[in-house]
Asker: 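One structure coming up, written as structure tokens, with questions to follow.
So you know, we letter chains A, B, ... as the sequences are listed, proteins then strands, and number each from 1.
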Protein chains: 2
Amino acid sequence: MRILVVEDDVNLNRQLTDTLKEAGYVVDQAFDGEEGHYLGDGEPYDAVILDIGLPEMDGITVLEKWRGAGKVMPVLILTARDRWSDKVAGIDAGADDYVTKPFHVEEVLARIRALIRRAAGHASSEIVCGPVRLDTKGSKATVNGVALKLTSHEFRLLSYLMHHMGQVVSRTELVEHMYDQDFDRDSNTIEVFVGRLRKKIGNDLIETVRGLGYRMQAPGMVSKDAKS
Amino acid sequence: MRILVVEDDVNLNRQLTDTLKEAGYVVDQAFDGEEGHYLGDGEPYDAVILDIGLPEMDGITVLEKWRGAGKVMPVLILTARDRWSDKVAGIDAGADDYVTKPFHVEEVLARIRALIRRAAGHASSEIVCGPVRLDTKGSKATVNGVALKLTSHEFRLLSYLMHHMGQVVSRTELVEHMYDQDFDRDSNTIEVFVGRLRKKIGNDLIETVRGLGYRMQAPGMVSKDAKS
DNA sequence: GTCAGTTCATGCGCATTCTCGTGGTCGAAG
DNA sequence: CTTCGACCACGAGAATGCGCATGAACTGAC
């Protein structure tokens, strides 16, 4: 999962970024409205944290531009407590959530989790796929109740796949959401990680769709070949 | 749009209910946790406003029970300003949003609107043609509920045909949409794929219109008169 | 240095796709 | 009605290149 943080206060930005990274997210940073707009417009993020008061370009304007361009990723805006009207303006501009400053970082984290989860269409903080359970709250995964030991990239891969269960996820998509901005994409890293993950959770869960990508799905509903 | 308000403070409940009704929603009221849980479990709501501090059953518990039972309607929780940990717990229990007391009623209204709007975006994208269902989001197709195993080109073909149901689609058109570059046109690959697809989904669905191309259509619908 | 995690390179196996050839079907003209 | 030519279906083999396993090289943390 890849997140963009747009916040001009350097300390606050770093604080948010660090916490998110610790929680296993890939994070890009922007320190003014223009940079933020540019990144959010060009890169595929799973969520954005956007300050309202920004140099160069106002947060609301940034958000409106994104929505006008058809961007639908969840956006959490940060507002000052006394600027009540900002919240309404932000929500009307297409924000999915807001937090008022000052805030507890844990709260932002929880809301980001909820937004990402919601965007994928899951109600609770646990996603289940056959024997595999993903605890988005604790960044843990279990197979048949046994805790899985995953490296950070393996976890990110599993997490992204489980958030998009039943859908085919392309390699490019995976690379873009597992790594930040610049990454050499002509290599077979993704295949390697898929292979390793399969070894840990079982081969049946991640189906490879030749030419398109991978799809995670509970087995049992085996796709039957209708070649009668 | 039908909304449930679970709030034990009678005045606050009525205030919310009135505002929502004025805005054109249908509103049900509950004044304690058990009643709220019962209603939310049995009736289909488009959104729920849920207070955390409730007699009989805690709001968080109510929410967890709903989510555990598979209810996915958007829930907005109300918390006291100083109980920030409640917010985190609520969000992790599956709340979609929260508002801290005291609040402006317009704000609650704006957020309910946002929640309903967002929930509407999760409608699955499916095209149906007779026994065939195409899940464009998951790159999957089923015939009579049985999952089809399609190669990527077969899927692209089916997808294009189903997006233009009832229309005659020329070979050239298909080639142009199934391949990126210009493609050696004097080959019969399209025929081959149509043949393979027919084998998998049944012959009746793809009709060949001699000299023009193919047309996909649910069988049983009168299509003979078009050839006079 | 050691170790865990990650990236890169290679070669093989095989699903997928393309080509080709034959035979069948349709429609119009004689 | 018959005949002819164009169009189409389909099977089978050939060629392509994708996906995977494997192991070695690389990196950073301690």
Asker: Using a 4.0 Å heavy-atom cut-off, does A:V194 contact any base of the nucleic acid, only the sugar-phosphate backbone, or nothing at all?
Answerer: nothing

Asker: A:H153 has an atom NE2; how far is it from atom C1' of D:dG28, in whole Å?
Answerer: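 Answer to the nearest Å: 13 Å.
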
Asker: How many whole angstroms separate atom CG of B:L197 from atom C1' of C:dT16?
Answerer: 15 Å

Asker: Heavy atoms from C-beta onward define the side chain here; which of C:dA15, C:dT6, C:dC8 lies closest to that of A:R210?
Answerer: C:dA15

Asker: C:dG27 P sits how many Å from B:L212 CG, rounded?
Answerer: 12 Å

Asker: Among all residues two or more places apart in sequence or in another chain, which pass the ring pair (Phe, Tyr, Trp, His ring centres under 6.0 Å) test with B:H153?
Answerer: B:Y179, B:F193

Asker: Check the phosphate of D:dC7 against B:Y214, side-chain N and O only, distance under 4.0 Å to OP1 or OP2. Yes or no?
Answerer: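 No.
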
Asker: Should we say atom NZ of A:K140 is surrounded by more than 12 heavy atoms from elsewhere, each under 6.0 Å from it?
Answerer: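 Not buried by this count: 12 neighbours or fewer within 6.0 Å.
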
Asker: Using modelled atom types and a 3.5 Å cut-off, is there a donor and acceptor pairing between side-chain atoms of A:R198 and backbone atoms of A:I206?
Answerer: yes

Asker: Tell me: CZ of B:R156 to C1' of C:dT16, nearest whole Å?
Answerer: 12 Å

Asker: Scan B:R198 against the nucleic acid and name what it touches under 4.0 Å (heavy atoms): base, sugar-phosphate only, or nothing.
Answerer: sugar-phosphate

Asker: Any side-chain N or O of A:R171 under 4.0 Å from OP1/OP2 of D:dG19?
Answerer: yes

Asker: Checking the side chain of A:D8 only, and the main-chain atoms of A:L54 only, is there a donor and an acceptor separated by less than 3.5 Å?
Answerer: no

Asker: From the options D:dA9, C:dC20, C:dT16, select the nucleotide whose nearest atom is closest to the side chain of B:E191.
Answerer: D:dA9

Asker: Under 3.5 Å, sequence neighbours excluded: what are the donor-acceptor pairs made by side chains of residues 60-70 of chain A?
Answerer:
unit_1	atom_1	unit_2	atom_2	d
A:W66	NE1	A:H37	O	3.2
A:R67	NE	A:G94	O	3.1
A:R67	NH1	A:K71	O	2.9
A:R67	NH1	A:M73	O	2.9
A:R67	NH2	A:M73	O	3.1
A:R67	NH2	A:G94	O	2.8
A:R67	NH2	A:D96	OD2	3.0

Asker: Can you tell me the distance, in whole Å, between the CZ atom of A:R196 and the C1' atom of D:dG23?
Answerer: 12 Å

Asker: Separation of B:L157 atom CG from C:dC18 atom P, in whole Å?
Answerer: 12 Å

Asker: Check this one for me: any side-chain N or O of A:S187 less than 4.0 Å away from OP1 or OP2 of C:dT7?
Answerer: no

Asker: Using rotation axes that map the C1' atoms of four end pairs onto the next four (five pairs an end), what angle separates the end axes of the helix from C:dG1-D:dC30 to C:dG30-D:dC1, to 10°?
Answerer: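 Here the local axes at opposite ends form an angle of 30°.
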
Asker: Does C:dT6 have its OP1 or OP2 closer than 4.0 Å to a side-chain nitrogen or oxygen of A:S152?
Answerer: yes

Asker: From the set C:dC8, D:dG19, C:dT19, return the single nucleotide nearest to any side-chain atom of A:N188.
Answerer: C:dC8

Asker: When you measure from the side chain of A:D32 to the backbone of A:E56, do you find a donor-acceptor pair of N or O atoms at a distance under 3.5 Å?
Answerer: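 Such a contact is absent between A:D32 side chain and A:E56 backbone.
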
Asker: Among A:H177, A:E43, A:E176, which residue satisfies the side-chain hydrogen bond (donor to acceptor under 3.5 Å, both in side chains) criterion with A:R2?
Answerer: A:E43

Asker: Whether B:K199 contacts D:dG11 is assessed here as follows: a side-chain N or O lying under 4.0 Å from the phosphate OP1 or OP2. Is that the case?
Answerer: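 Yes, within the criterion.
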
Asker: Any side-chain N or O of B:T151 less than 4.0 Å from the OP1 or OP2 oxygen of C:dT17?
Answerer: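 It does, given that an N or O in the side chain of B:T151 lies less than 4.0 Å from OP1 or OP2 of C:dT17.
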
Asker: Separation of B:E154 atom CD from C:dT16 atom C1', in whole Å?
Answerer: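 Spelled out: CD on B:E154 to C1' on C:dT16 is 9 Å.
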
Asker: Surrounding CZ of B:R196 (heavy atoms of other residues, nucleotides or ligands, distance under 6.0 Å), is the total greater than 12?
Answerer: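 Counting other residues, nucleotides and ligands, CZ of B:R196 exceeds 12 neighbours.
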
Asker: Starting from P on D:dC8, measure out to CD on B:E207 and report it in whole angstrom.
Answerer: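 So the two atoms are 13 Å apart, to the nearest Å.
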
